[in-house]
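Inspection log for the structure reproduced underneath, given as structure tokens.
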2 protein chains.
Amino acid sequence: MGKTQITIKDIGRALNISPSTVSRALKNHPDISQVTKDAVNKYAKEFNYKPNTLALSLRMSKNNTIGVIVPEIIHYFFSSILSGIEQIANEEGFNVIICQSNENYEREVKNTQALIATRVSGVLACLSKHTINYDHFQDIIDSDIPLVFFDRICIGINTDRVVVDDYSGAFAAVEYLIQTGCKRIAFYSSPLHLEISKNRKNGYLDALRKYSIPVDESLIRVCDTREEAIIITPQILDSPNRPDGFFAINDHCASGIMYAVKLAKLRIPEDVSIFGFSDGELAKACDPMLSTVEQHGYEMGKNAAKLLLDKINGKTHGQYTNKIVRTNLIIRGTTK
Amino acid sequence: MGKTQITIKDIGRALNISPSTVSRALKNHPDISQVTKDAVNKYAKEFNYKPNTLALSLRMSKNNTIGVIVPEIIHYFFSSILSGIEQIANEEGFNVIICQSNENYEREVKNTQALIATRVSGVLACLSKHTINYDHFQDIIDSDIPLVFFDRICIGINTDRVVVDDYSGAFAAVEYLIQTGCKRIAFYSSPLHLEISKNRKNGYLDALRKYSIPVDESLIRVCDTREEAIIITPQILDSPNRPDGFFAINDHCASGIMYAVKLAKLRIPEDVSIFGFSDGELAKACDPMLSTVEQHGYEMGKNAAKLLLDKINGKTHGQYTNKIVRTNLIIRGTTK
DNA sequence: ATATACAGCGCAAACGTTTGCACCTAAATT
DNA sequence: AATTTAGGTGCAAACGTTTGCGCTGTATAT
């Protein structure tokens with residue numbers, strides 16, 4: 001007990017050979033005799049030698065660590081992405097260090113700087129809701145650190161991205177609402193400067209157009225939390241011709257809508273249909289269970305991590321790839 | 001662009017001074033003249049010098065990184081703990097690298113070994129559901145790495161722990177059920193070798209005893225997921241004298257019970273009351289909203305991280321502290 | 001003029017590894 | 001017998017920092 005980690009030098013001293021020989025023996029270098037190798041390996045095992053990754057990283061000027069910048073860990077979608085990232089990184093022997101921006105621009109730039117200082121091998125990033133300046137990400141690229149964006153990307157920067165198929169998911173959801181009889185469909189969105197908002201809005205609009213349903217701008221609201229939804233929905237429900245369908249930017253928001261709709265003594269889905277986005281933990285807890293767009297966070301995380309690792313390992317050839325993770329509709333009880 | 005990070009040596013070369021002088025200048029060492037300091041700082045700022053943390057860690061044999069081993073990131077309780085950990089670590093300039101065991105013993109030991117190899121400054125760990133051997137954690141301690149357990153602790157190892165007040169939370173919840181008229185209360189638990197299960201069971205049992213309610217072993221089940229709850233609850237509801245109250249080990253499980261209860265055409269809370277544990281995302285999405293024991297994952301994470309950092313910084317004096325995070329009841333619609 | 005003090009800076013070692021090169025010995029080739 | 005070959009090993013530098021110690025030069029005190 002209390003024993004501190006043993007080093008290559010220690011092994012060398014104990015066996016009366018040089019550190020270089022020990023190093024080579026451990027790596028099974030052909031120059032080293034079998035007897036030496038055996039002796040070294042035996043000793044290493046016995047005293048539980050573990051290479052010092054710090055020294056290794058320094059020597060190789062290559063850190064087997066990737067950084068992840070994520071808005072908030074606690075959201076199901078992000079934590080499942082994180083889970084996917086960790087899975088792949090782990091398989092490839094990489095550590096993942098996490099930073100959360102808390103949807104805060106200043107913290108996001110601090111995070112990027114910390115990651116650069118740590119000399120991580122690569123960075124996976126998802127924009128905070130309020131980020132509109134991207135210089136800190138350019139800094140990452142300028143520092144020769146591979147960068148790939150996921151989910152909330154920015155198009156001002158040349159790099160790889162992996163996104164959910166927001167457009168198609170939104171289009172399909174709204175089309176489903178229309179096909180099951182909805183005539184007036186509201187859309188609750190995150191701030192519109194975000195690509196995901198734009199894309200989903202486009203999906204929403206195009207679905208309406210396809211079925212020649214007029215667009216009513218008053219039905220498009222910026223609202224992406226349960227609390228906000230509970231506040232603004234009653235007003236909308238009160239209007240002379242209230243909507244008979246809601247398409248929400250996430251499940252939390254959808255559950256807020258459900259709450260307000262029930263409070264207004266309207267029936268789900270007979271009077272109003274509701275579609276969410278994410279398929280998080282709460283979707284099945286709702287009553288009726290929430291119809292939603294499954295967006296495969298875990299898959300997204302795995303894809304993003306793979307892409308990054310390929311870049312780190314130099315397997316990609318200068319091209320920026322734009323991976324799109326499919327979505328699919330999960331029809332449950334809040335739609336007809 | 002393409003510029004790689006500048007080093008202390010580079011600054012020295014550019015300014016015709018030695019690396020040691022640069023180092024001292026940057027640290028505002030009194031031995032260095034103001035003019036030199038100014039020159040160094042100016043150059044450092046201009047060329048965006050950032051210390052190489054790898055070299056620093058190696059030199060100081062101190063890694064400003066802590067490792068966290070967590071069963072599954074995607075669960076709300078764990079991700080909020082993680083969030084709290086990240087918060088504190090960030091404030092203190094520490095990176096946090098995460099490993100998930102996926103509730104798998106083998107992965108857990110791999111994780112511990114990886115963290116030892118990385119020479120993290122400290123480890124925060126939460127046992128996987130199936131861990132019954134603790135040697136790998138002893139290895140961490142033997143490697144002189146501070147270790148603190150959170151939530152799912154093991155009592156076989158001498159170290160700091162921070163846990164939720166499981167006993168009191170359970171006691172209070174069950175007492176509330178009794179006080180609001182429940183006569184037969186079922187308890188759905190995680191595997192009973194876990195301390196949290198034992199403690200909550202004790203709280204459950206003591207509350208029953210306090211009110212002289214006989215214990216019926218058939219009402220105590222191992223079940224901690226929504227899916228399992230949906231399967232086993234109908235049988236229990238079918239029995240001649242069905243329970244009129246449920247105390248679930250987590251909110252997922254509680255939501256499964258709700259589903260089964262509604263399916264059996266029983267009313268919540270008039271016919272049966274339900275109490276969860278966690279206050280996760282889904283609690284408010286339930287209908288009626290779930291009464292549950294709030295367990296403050298974020299606080300727990302912050303506490304655990306603080307404790308660990310104190311140990312790392314040598315602020316604690318050899319004593320093992322046992323921090324207990326309070327719980328409190330959140331009464332919503334699933335109880336009277 | 002000599003001794004003392006101190007300000008300002010550089011040398012070199014150290015943290016643990018890897019790796020190009022040189023070195024030595026013994027065997028194999030001429 | 002002289003030379004080449006190859007097998008096995010060690011030296012030393014490098015990655016970027018920090019830090020104890022020693023060195024220089026100038027200014028102050030005797």
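Lettering follows sequence order; numbering is per chain, from 1.
- Taking atom CG of residue B:Leu15 and atom P of nucleotide C:dC9, one finds them 11 Å apart after rounding to whole Å.
- Among the protein residues, A:Leu58 comes within range of the nucleic acid bases, having at least one heavy atom under 4.0 Å from a base atom.
- With sequence neighbours left out, B:Asn90 forms a side chain to side chain donor-acceptor pair (under 3.5 Å) with B:Glu86.
- One interatomic measurement links the two molecules: CZ of B:Arg119 to C1' of C:dG16, which rounds to 8 Å at whole-angstrom precision.
- In summary, the side chains of A:Ser83 and B:Glu72 do not present any donor paired with an acceptor at a separation below 3.5 Å, with no hydrogens or angles considered.
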Q) How far apart are the C-alpha atoms of B:Val68 and B:Ile97, what are their side-chain angles, what is the distance that settles it, and do they pass the side chain to side chain contact (heavy atoms under 4.5 Å, CB included) test? A) CA-CA 6 Å; B:Val68 182; B:Ile97 103 172; over 6 Å; no
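- Atom pair A:Lys9:NZ and C:dA14:P shows a separation of 7 Å (rounding to whole Å applied).
- C:dG16 atom P lies 10 Å from atom OH of A:Tyr49, rounded to whole Å.
- Under the salt bridge (Lys or Arg N to Asp or Glu O under 4.0 Å) criterion, B:Glu103 pairs with B:Arg152, not counting sequence neighbours.
- Contacts between residues 30-39 of chain A and DNA chain C, defined by a heavy-atom separation below 4.0 Å, involve no residue at all.
- Between the CG atom of B:Asn64 and the P atom of D:dT17 there is a distance of 14 Å, rounded to whole Å.
- Annotation: side chain to side chain donor-acceptor pair (under 3.5 Å) contacts of A:Ser80 (sequence neighbours excluded): none.
- Whole-Å rounding puts the A:Gln5 CD to C:dT17 P distance at 9 Å.
- The stretch residues 16-29 of chain A touches DNA chain C through A:Ser20, A:Ser23, A:Arg24, A:Lys27, each having a heavy atom under 4.0 angstrom from the strand.
- By the neighbour-count criterion of 12 heavy atoms within 6.0 Å, atom NZ of B:Lys62 is densely surrounded, having more than that number from other residues, nucleotides or ligands.
- Shown here are the side chain to side chain donor-acceptor pair (under 3.5 Å) partners of B:Thr118, two or more places apart in sequence or in another chain: A:Asn95.
- A 4.5 Å side-chain heavy-atom check between B:Val325 and B:Val162 finds at least one atom pair inside the cut-off.
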